[in-house]
Amino acid sequence: MEQATSADYGYLRQLVFGHSQNVLDSSRDYLFETRLTKLLRNQGMTRVDELVRHLRTRKDPALECAIAEAMTINETSFFRDTRPFELLRTELLPKLIEARKHARSLRFWSAACSTGQEGYSIAMLMQEHFPMLVNWALRIEGTDLCAEVVERAQAGRYHRIEINRGLPARFVVRYFDHVGEDWVIKPEVRKLCNFRKANLCAPVLPFNRAGDRFDVIFLRNVMLYFSHETRKTLLAGIHRLLGPDGILFLGSSEQPADPSIWTATLAGGTCYFRPRLPS
């Protein structure tokens with residue numbers, strides 16, 4: 001039986017980088033074997049070397065995209081790392097609400113939303129603690145590279161193990177319907193959220209209209225495998241989309257690639273960033 005060669009893995013690493021800008025180290029080549037199992041089966045194949053041979057002989061953009069999606073990490077949970085949500089509740093959102101009292105509008109973006117838990121966590125936070133905003137224009141946008149996880153986010157349907165990760169029991173009762181073996185997010189929460197597929201490393205970010213501005217952006221644990229230049233380009237785009245007093249949350253181990261355009265603030269055991277305006 002033939003085995004995938006280092007050249008085969010190198011081909012796949014380059015393919016993934018071209019689609020998602022994720023830099024995969026050769027020490028992690030074994031991940032191709034585990035994460036592409038379902039894709040191989042759907043293609044009527046059993047081995048990675050078959051897949052590479054197929055791609056080398058015939059251009060298949062849909063298959064290339066599916067490989068990049070399969071190699072994307074989609075780890076998430078409700079209220080993951082509770083500190084940003086708690087800081088929003090106690091300190092940051094009250095100030096933003098006061099600043100937006102005339103516009104009566106707030107926009108959030110969960111970039112790399114995975115299966116939607118982050119976006120729905122924001123929606124539940126708003127409904128639970130800020131009911132006075134019932135007549136405001138509240139919108140939570142969620143985007144992800146992977147079509148499969150976006151479909152799950154749109155469905156808002158979760159298994160018991162996902163519900164048990166980070167979700168207070170009272171939130172389960174209040175914001176979910178128990179349907180068979182799963183829990184489904186209630187319509188009043190779902191209506192606040194919009195999920196769609198988008199590539200953060202595309203030449204143009206998913207929000208590029210003149211009026212597109214966000215008050216809070218979650219870009220957490222997204223750039224871990226991006227190159228410095230990719231991070232710099234992405235965060236420059238994020239800077240343009242964030243309101244002057246807007247808030248950016250990165251992952252706990254992430255920092256802006258260009259700190260000259262961001263002001264960092266440590267509060268509540270976490271760090272958030274605001275755009276630094278030209279002097």
Discussion item. Less than 4.0 angstrom from a charged side-chain N to a carboxylate O is my criterion; do K59 and E64 meet it?
Written reply: yes
Discussion item. Less than 4.0 angstrom from a charged side-chain N to a carboxylate O is my criterion; do R83 and E86 meet it?
Written reply: no
Practice prompt. Flag the pair L51 / I67 as yes when at least one side-chain heavy-atom distance between them is below 4.5 Å, and no otherwise.
Written response: yes
Item to complete: Report yes or no: do L145 and L39 belong to one cluster of Ile/Leu/Val/Met/Phe/Trp/Tyr joined by side chain heavy-atom distances under 4.5 Å?
Response: no
Practice prompt. In plain terms, say whether R100 and D215 are close enough for a salt bridge, that is, a side-chain N and a carboxylate O under 4.0 Å apart.
Written response: yes
Worksheet item: Quick one: do the T230 and S227 side chains pair a donor with an acceptor below 3.5 Å?
Response: yes
Practice prompt. Spell out, yes or no, whether F78 and V184 are grouped together once hydrophobic residues are joined by side-chain heavy atoms under 4.5 Å, including indirect joins.
Written response: no
Worksheet item: Heavy atoms, side chains only, cut-off 4.5 Å: are M124 and F79 in contact?
Response: yes
Discussion item. So for atom CG, which belongs to L266, do other residues, nucleotides or ligands contribute more than 12 heavy atoms lying within a distance under 6.0 Å?
Written reply: yes
Worksheet item: How about E118 and S114: does a side-chain donor come under 3.5 Å of a side-chain acceptor?
Response: no
Discussion item. Please determine whether residues I161 and V173 belong to a single hydrophobic cluster, defined as Ile, Leu, Val, Met, Phe, Trp and Tyr linked transitively by side-chain heavy-atom distances below 4.5 Å.
Written reply: no
Discussion item. Do E162 and T76 have side chains that approach each other closer than 4.5 Å (heavy atoms only, starting at C-beta)?
Written reply: no
Discussion item. For R89 and E128: C-alpha separation, side-chain torsions, deciding distance, then whether salt bridge (charged side-chain N to carboxylate O under 4.0 Å, His left out) applies.
Written reply: CA-CA 10 Å; R89 181 184 72 82; E128 182 76 9; over 6 Å; no
Item to complete: Kindly indicate whether the side chain of Y158, heavy atoms from C-beta on, has any atom under 4.5 Å from the side chain of F176.
Response: yes
Fill in: salt_bridge(R196, D144) N-O dist < 4.0 Å
no
Worksheet item: Tracing side-chain links under 4.5 Å among I, L, V, M, F, W and Y, which residues wind up in one group with L241?
Response: W109, L200, L205, F207, F214, I217, L219, V222, M223, F226, L234, L235, I238, L242, L248, L250, I261, W262, F273
Practice prompt. Tell me yes or no: between the side chains of S77 and Q117, is some donor less than 3.5 Å from an acceptor?
Written response: no
Practice prompt. Give a yes or no on whether a salt bridge exists between D258 and K232, defined as a side-chain N under 4.0 angstrom from a carboxylate O.
Written response: no
Worksheet item: Can E33 and R47 be said to form a salt bridge (charged side-chain N to carboxylate O under 4.0 Å, His left out), step by step?
Response: CA-CA 8 Å; E33 304 290 345; R47 303 191 313 273; over 6 Å; no
Worksheet item: Are any of the side-chain heavy atoms of L92 and Y272 separated by less than 4.5 Å?
Response: yes
Worksheet item: What residues form a ring pair (Phe, Tyr, Trp, His ring centres under 6.0 Å) with H178, not counting sequence neighbours?
Response: W183
Worksheet item: Between C113 and F195, is any pair of side-chain heavy atoms under 4.5 Å apart?
Response: yes
Worksheet entry | In one Ile/Leu/Val/Met/Phe/Trp/Tyr side-chain cluster, 4.5 Å: V134, L106 | no
Worksheet entry | Steps toward side-chain hydrogen bond (donor to acceptor under 3.5 Å, both in side chains) verdict (Q14, Y9) | CA-CA 9 Å; Q14 192 59 40; Y9 290 127; over 6 Å; no
Fill in: R231 bridged to E254 by N-O distance under 4.0 Å
no
Worksheet item: Under 4.0 Å between a Lys/Arg side-chain N and an Asp/Glu carboxylate O for R107 and D212?
Response: yes
Discussion item. Check this for me: E148, atom CD, are more than 12 non-hydrogen atoms of other residues, nucleotides or ligands nearer than 6.0 Å?
Written reply: no
Discussion item. Which residues pass the ring pair (Phe, Tyr, Trp, His ring centres under 6.0 Å) test with Y11, not counting sequence neighbours?
Written reply: none
Discussion item. According to a hydrophobic-cluster definition based on side-chain heavy atoms being under 4.5 Å apart (Ile, Leu, Val, Met, Phe, Trp, Tyr only), do F171 and L133 belong together?
Written reply: yes
Worksheet item: Would a 4.5 Å heavy-atom cut-off, applied to side chains only, mark R220 and D81 as touching?
Response: yes
Fill in: Candidate pair K197 and E151, rule salt bridge (charged side-chain N to carboxylate O under 4.0 Å, His left out), full reasoning
CA-CA 9 Å; K197 177 175 173 166; E151 288 176 7; over 6 Å; no
Item to complete: Would you check if E188 and Q127 make a side-chain contact, meaning some heavy-atom pair closer than 4.5 Å?
Response: yes
